[in-house]
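See structure below.
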Amino acid sequence: MTTIAARATALTKVYGKGDAEVRALDGVSLEIGSGEFTAVMGPSGSGKSTLMHCLAALDTVSSGEIHIGDTNIAGLSDKKLTELRRDDIGFVFQSFNLVPTLSAQENILLPLSIAGRQPEAEWFDTVIEAVGLRDRLGHRPSEMSGGQQQRVACARALMSRPSIVFADEPTGNLDSTSGAEVLGFLQRSVRDFGQTIVMVTHDPVAASYTDRVVFLADGRLVDELHAPTADSVLERMSQIQLRHNRQGPVEFQDAALAGEPES
Amino acid sequence: MLKVTWRNLFARKIRLVLSGFAIVIGVAFVAGSLVFTDTMSKSFDDIIKGGTSDVTVRPAGQDNWSGDSALIDTRAIPARTLQSLESVPGAARVDGTVSSQSLFVIGTNGKVVGGTGAPTLSFNYNDAPSITGKPSVLISQGHAPHGAHQVALDPTTVDKAGYALGDTVQMISSGDRPHVTAKLVGIGQFGGGGLAGASLVLFDTHTAQQLFFGGRDVYSSVALTAQDGVSQQQLAHEASEKLPSGLEAVTGDVVAKETQDQIATVLNFLNIFLLVFAAIALVVGTFLIINTFSILVAQRSRELALLRALGAARRQVTRSVLLEALVVGFIGSTLGLLGGFGLAAALKAVFATFGLDLSATALVFSARTVVVSYLVGLLVTMFAAYLPARRAASIAPVAAMRDDIALPESSIRRRLVVAGVLGVIGIGLMAGGLAGSGGSGAALVGVGVFAILISVALMSPVLGRPVLRALGVVYRRAYGTVGSLATENSLRNPRRTAATASALMIGMALVTTMSVLGASVNKSIDVSVKKEFTADYLVSNAIGQPFSTKIAEQVRDTDGVAKVAQLQWLSAKVDGQSLNLTASDPGELRSIFDVPARSGTMDVRDGQIALSGDAAKKLHAGVGDTISMAFPTGTQKAQVVGVFTSSNVLGSSLVPFSTVERARLPRFDSSVAVNADSPADVAAVGNRLDALTQDVPTVTVQSQQEFSDAQRAGVDQLLYLIYALLGLAIIIAVLGIINTLALSVIERTREVGLLRAVGLSRRQLRRMVRLESIAIAVLGAVLGVVMGLVFGVVLQRAVADQGITELAVPGLQLVVFIVLAAVVGVLAAVLPARRAAKLNVLRAITTE
């Protein structure tokens, strides 16, 4: 039984006008199944970050529809959008993920306390156990390593039991060991808790932790891969790269290898 | 490097405008004070020069006494002296002047025109020229007054009183027959321009002699005009040859100088008063600028590090920051100068409503004003920017490569040591100033207060912590997470928060000090009035002018009046020091007031005096000593027979009425104390006294409560004026809070984006910024109120022996101050909060 956690229908996102017009998204339709770990990949400028920002209600689309669960987010007021982000969506960003003045525990509970809700003690314990941060709860971000900070951010994203978590290059700023810890946790939260996660990444290794990879190029969905491995992802990326090299210069490979973070 | 500086200035124009505004206000105050006092002194110069003749012949000894309204010099120059002066070689013309300041014009509404403040000058009209060559008085409409029933007035008085040419003007004098009426036949003005709010009343010579000298053919002074080619000195020398003893001939330049000097003392006082507020504004502004530049440097630290990495020397970095400050200071000073011009115009308008009308003189914009304004503006800005600039230069080049850069900060311990030393110096200065006396003592106290305030400002990052923590508890209770986020934000950069709060602290401390002192003064007045004002009613002159003893006679004849004591105030010089005398009948006085002698007796007889404890100490005189009192009319000796505790009724001394007669000064009353027959009669007597004085609008009847209220009203008025001026310092402090919050919001853009992304609503975000703002404002207010309380109590204790015997702490008012500070915090947060709430979540979170 796969219900749909998020659905995008014929999304377009256009920046600029006339000659300067850029179609960041060009008719993207996508369904994210509930309890599924999805990776969004693509070369620089392919629109993967834009897609995620639109899905997460951080950005508006030029046309098309987005549903989070049963909610159509088009036309929601800022207040409703804020509530949606607070209650139904979790975020993990590439960097600067935590409020520096709050301790790890306070950061984790932030969305709940903003909403004025009490955390469920059992769920809190479960999540803390899963991220392995029990002895770090009283520390401030400046007293933790990058990997620990990112795990705090992951715990925070899960605390409110959102229907979907968006992760934007969560391992982009981490070394491979810390990155593996974060990815392992994300993967476990999908398997053990049935969490839905959408992750934007350019790293084939990171993508290999997911259930499904969708590939974007020039604002269009160009390919999809289930049960990916690092090798199969790399192979698909090369193919897309080749296809695009015939049409125009798309520096997919370079970007992936250089590990250049996207903004 | 120059290019970098310019780019930075433009990139941060809003922030710089905000900090520049502090300079604008400070400089505007300096420039405004200077322009205004220059204008006033020009105005008075014009009036004085336009009204002074080449040589003035007057009774000797007047130069020390002019302007003392308690004394009415009745010495006069007989007509024959005037005639003999006409033969003085070199004199083109000789004019006798009959003048008085004891006549007042009553308006059509029955009220006295003018009165307080500028005087009403009455004299005989003539067309004698002044040292400027123009006539002293010009009749611009109608004609000069002739005969007993004609008068000419100045146009402003005519306007205020509501008369027109041909109307009958009501006037009142201090003479036995106080009411004077005459037909308004002319409108005239000083040849020198305006009147600075004074009223001008012109009669012909004979009428003036009737009014002021009881009809004797005598003159107050004689004006001599020199022939062409004859100098003032020559003419004065020639004139003095012909003068009997007791008269002197003085050149116009000397007379003008004497008058200018008297006015200069008043103007200086005003100037210092205004400049003190300018200094306060500048000190507060300095805090704001230091803070702004510190934050700007902190936010640019990566860029500055990059410049260093690219090979810029430390000095170049410092210089580039200082250059920015120079530009800000220059623009701020220029705007401040313009603002000062506006402020001076506003002051002119305000003073006009108080009766000091300077409209005849255009604002004086001297080169000194420009130089001083730029100097002050630039120096303050450069000084304020120097510390952050130095810190900017100490950023290591390698910091450019790091992710998060912390600016090197001087150790908090060193800061506390500096603060401690400064605090001790401040306390020392204050103690020294309080022990001393006069202007230098007050200046020492002022400098001491500032040193202590700055010491506390330096310590405020430490002192503020408990206050912010306590506030944090309240916030968390009331607003949950948003509250604790706001608290943490205010604690995140304690120095920044503290510096911002300190600016408000200074204003609040001074306001609190003034309100404690004001309340203490008022309470002291109440207490002493209750204790000493044992009369049922006090008849006195609303404008401090003495009045005819006829009034006391009428009061004695009034039904229900049991006891009456007449008092006349005058002053004498003893050993060169001025001594205020109260002349009265000791028996009558004691029947109403309880003023016991501390030693000797209060029963002063002819040739005797009783001194207050203070006066006795000042004059080094005790019971049995003889002192010599100098009056303009001569000197007389008096034996000290008693010493009494200082009293508001008697002032410094008590003499019998015979002292007045011997000094050949006229008998007038300054106040008359009245007791009713029985308590039941008090109200009825009051009504009768009111009816009695009804047609003499210059004389008022006050009960104990009314007297007390009138005294308090004066204190309150001064207090409100000071509050208004200190309000400027608080406005600057509010700008500082806005600036700090705006910069903090910019600095935390990504964090704001993150909070919004995880579900913080716009409302909650605005509230977070608002709460931080309130925390800063309340911190400043609490520190300020505590400091102000300390200063207020210490100052009250210090002046307790000068009559401010009671300490009053206006608790409710202080609470209101803190609440107002919180409101100020809410207002200061409006723009930064709106800005934060408007941030696009996505752009904020992806910002560099």
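Reminder, nothing fancy here: chain letters follow the sequence lines and each chain counts from 1.
Ion pair A:Arg23/A:Glu21 flagged as a salt bridge, since at least one NZ, NE, NH1 or NH2 atom sits closer than 4.0 Å to an Asp/Glu carboxylate oxygen.
Chain A forms the most heavy-atom pairs under 4.5 Å with one residue out of B:Val841, B:Asn840, B:Leu760, B:Asn489, and that residue is B:Leu760. The candidate with the highest count of non-hydrogen atom pairs below 4.5 Å against chain A, out of B:Gly480, B:Ala757, B:Ser761, is B:Ala757. For chain B, the option among A:Ile114, A:Ile89, A:Leu58 with the highest count of heavy-atom pairs below 4.5 Å is A:Ile114.
Both the backbone and the side chain of B:Arg756 come within contact range of chain A, with heavy atoms under 4.5 Å apart. Contact of B:Val482 with chain A is not made at all, since no heavy-atom distance falls under 4.5 Å.
Inspection of the B:Asn291 and B:Ser294 side chains reveals no N or O donor paired with an N or O acceptor under 3.5 Å. Under 3.5 Å, the side chains of B:Ser490 and B:Thr497 contain no donor-acceptor pair of N or O atoms. Remark: the A:Thr12 side chain and the A:Ser63 side chain contain an N/O donor-acceptor pair separated by less than 3.5 Å.
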Let me see the working for A:Arg156 and A:Glu106 under salt bridge (Lys or Arg N to Asp or Glu O under 4.0 Å), right down to the final yes or no. CA-CA 9 Å; A:Arg156 179 188 63 204; A:Glu106 287 166 334; over 6 Å; no
